[in-house]
Each structure stands twice: as C-alpha cells, then as structure tokens.
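Below you'll find the structure, written out as structure tokens, and then a few comments.
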Amino acid sequence: HPRSALRPSAAEALEHEWLLERETKRLRRSTLRSLRDFARAAPLVKVCLLLIASRATGKRFRRCARAFKRLDLAGAGTVTLDSLQEAIDHPGGCCPWCCYPQVDAKELFRDLSAGQSAGIEYTEFAAACLFDELGSKNGRELCSIAFEAFDSDGDGLVTADAVFAMFPSKHRQEMPLLSFLPMDRPFNAKEFYRCLRRAQGARRRLLYPFLCCGTA
C-alpha cells in the first residue's frame, strides 16, 4: 500500500510522545535488571560504562533520561534511596510483579552511588542502564569504547585531567581504578586498558588478600 512507507515501525510507535506521556511505570523491568546486573559487575566494567555514560548523548539515552526524571521526584539531579525503594515496591503498570526482578533497594543504591553519596547521580544511573546494551562485551572492548569517547580529536591520546573533569562532584579517591592513570602525560588506548587492569588487580588483592597469599 502506498501509505505503508509512512507508517512507523513498532519500535518507533513505542517511542511516540502520546504513549510516553501515559507511561505509568516508574521503573521498567528491563531497566531494573540492567541496574541490578551493573551493580554485580566487575569494577573495570563499571568504570568503563561510567566513562561512556559521562560523554554519551542521543537516542540511546532518552528512555534512561525519562526513567531518571520519574525517580528524581525533587528535581535535585539525584535519585534518593527512598525514591528507589518506592519505585521497586510499587512499580506501577499492568501486572507489575510479572517477571519483575527481586532486588534489595539498599544494596542497589549503595552499589550505584559511587562514593557512597547521598543520591544516585544521572551519570551513574545512565551507566547502569547501559549495562543492558554493553554488558556482554569484554573488558578490552569496553575500555576501547570508553577511550574513544574521550578521544574527541582522534589523535589517539587522552589525559587523566580530561577524564576526571567529567566528574566534578567526585573526589579522585572515590574512583580508585582511575588513580592508576598517568597524571603527568597523555596515554593511548593500550596503556589505558593496562592501567585499569592493573588497578582492578590491585583492588582485588586489597579486598581479598587470602586469594593471593593462600590460607593457613
């Protein structure tokens, strides 16, 4: 039919403003699963997704931004534990408990709010939402995507200052994996990956020394 080409696809129809305005769920099942799985991910995966989210914009983040706004009831730019707990306890929508992930709100809040802050910031929330899309990639692939997000001029080099500048509300000690980056010179993608791997290994040895030293 000549009008068929004008019809939106199923995915486009679900993004229509009329439907979005009538969406009652504060937290979709898929979003909650992504938040839960991100919280359980390795530190290297988390920091890469956080870096990617700090620079990414566009269509992939529209749904995430809407979900964040529904949870940020006070419009303060952060999601509080009370708001997250309420959304998990009363998700809304039709058949809210059908296949709905069971999670502990306090544990999820602790794992998502880097630095144990008073709330989950948008970049942290967006990084967790990205897990559904990028969580299946390995550490090297995620490091490559994260590095490219910061290599804005395409010269193959990035500085630590440029990375930390994207997180003005965080102290450097709150992002320990990034502390291994060279602070006095630019670095390339391979060194970036090696630094994050080394930092993750050092963090693991610090948290679980018995795995490295053996048991008595």
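Any value given below was found using the heavy atoms of this structure, including those in side chains, with hydrogens, waters and symmetry copies removed. Residue numbers start at 1 and run along the sequence shown. Every value quoted in this text rests on a predicted model; they were computed, and no experiment measured them.
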Minimum heavy-atom separation for Phe131 and Ala41, please, with both atom names. CE1-CB, 3.8 Å
Here the gap from Gln102 atom CD to Arg36 atom CZ, rounded to the nearest 0.5 Å, amounts to 10.0 Å
Heavy atoms of Phe187 and Ala160 approach each other most closely as CE2-N, 3.5 Å
Indicate, with yes or no, if Met183 and Phe180 share a hydrophobic cluster defined by side-chain heavy-atom contacts under 4.5 Å among Ile, Leu, Val, Met, Phe, Trp and Tyr. no
Give the cluster check for Leu177 versus Tyr193: same hydrophobic cluster or not, with ILVMFWY residues linked at side-chain heavy-atom distances below 4.5 Å. no
Of all residues at least two apart in sequence or in a different chain, which pass the side chain to side chain contact (heavy atoms under 4.5 Å, CB included) check with Arg194? Lys190, Glu191
Is there a donor-acceptor contact under 3.5 Å from the side chain of Ser113 to the main chain of Phe109? yes
Is Asp161 reaching over with its side chain to a backbone N or O of Ala165, donor-acceptor style, under 3.5 angstrom? no
Kindly compute the distance separating CZ (Arg28) from CZ (Arg66), expressed to the nearest 0.5 Å. 7.5 Å
Scanning both residues in full, the closest heavy-atom pair of Leu157 with Asp151 reads O-OD1, 3.5 Å
side-chain contact (heavy atoms from CB on, under 4.5 Å) between Leu196 and Leu178: does it pass, once the steps are laid out? CA-CA 7 Å; Leu196 293 189; Leu178 299 181; 4.0 Å; yes
Nearest-0.5 Å distance that lies between atom CG in Asp132 and atom CG in Leu32: 11.5 Å
List the atom of Gln85, the atom of Ala105, and the distance in Å for their closest heavy-atom pair. OE1-CB, 3.1 Å
Is any side-chain heavy atom of Cys64 closer than 4.5 Å to one of Tyr122? yes
Side chain of Ser34, backbone of Thr31: donor and acceptor closer than 3.5 Å? no
Under 4.5 Å between side-chain heavy atoms, counting indirect links through other Ile/Leu/Val/Met/Phe/Trp/Tyr residues: same cluster for Leu50 and Leu44 or not? yes
What distance separates Ile145 CD1 from Phe150 CZ, expressed to the nearest 0.5 Å? 13.5 Å
Atom pair CG (Leu142) and CG (Leu130), whose distance is rounded to the nearest 0.5 Å: 9.5 Å
Could you check whether any side-chain N or O of Ser83 sits under 3.5 Å from a backbone N or O of Leu71, counting only pairs where one atom can act as donor and the other as acceptor? yes
Measure from the side-chain N and O atoms of Glu141 to the backbone N and O of Asn138, and report whether any donor-acceptor pair falls under 3.5 Å. yes
Consider only side-chain heavy atoms of I, L, V, M, F, W and Y, link residues closer than 4.5 Å, and tell whether Leu108 and Phe68 are in one cluster. yes
Arg55 atom CZ: more than 12 heavy-atom contacts under 6.0 Å: yes
So which atom in Ser54 and which in Met166 form the shortest heavy-atom distance, rounded to 0.1 Å? O-CE, 3.0 Å
With Phe38, which residues qualify under ring pair (Phe, Tyr, Trp, His ring centres under 6.0 Å), at least two apart? none
Which heavy atom of Ala39 sits nearest a heavy atom of Lys46, and at what distance? O-NZ, 3.0 Å
Measuring from Cys48:SG to Phe147:CZ, what's the distance to the nearest 0.5 Å? 12.0 Å
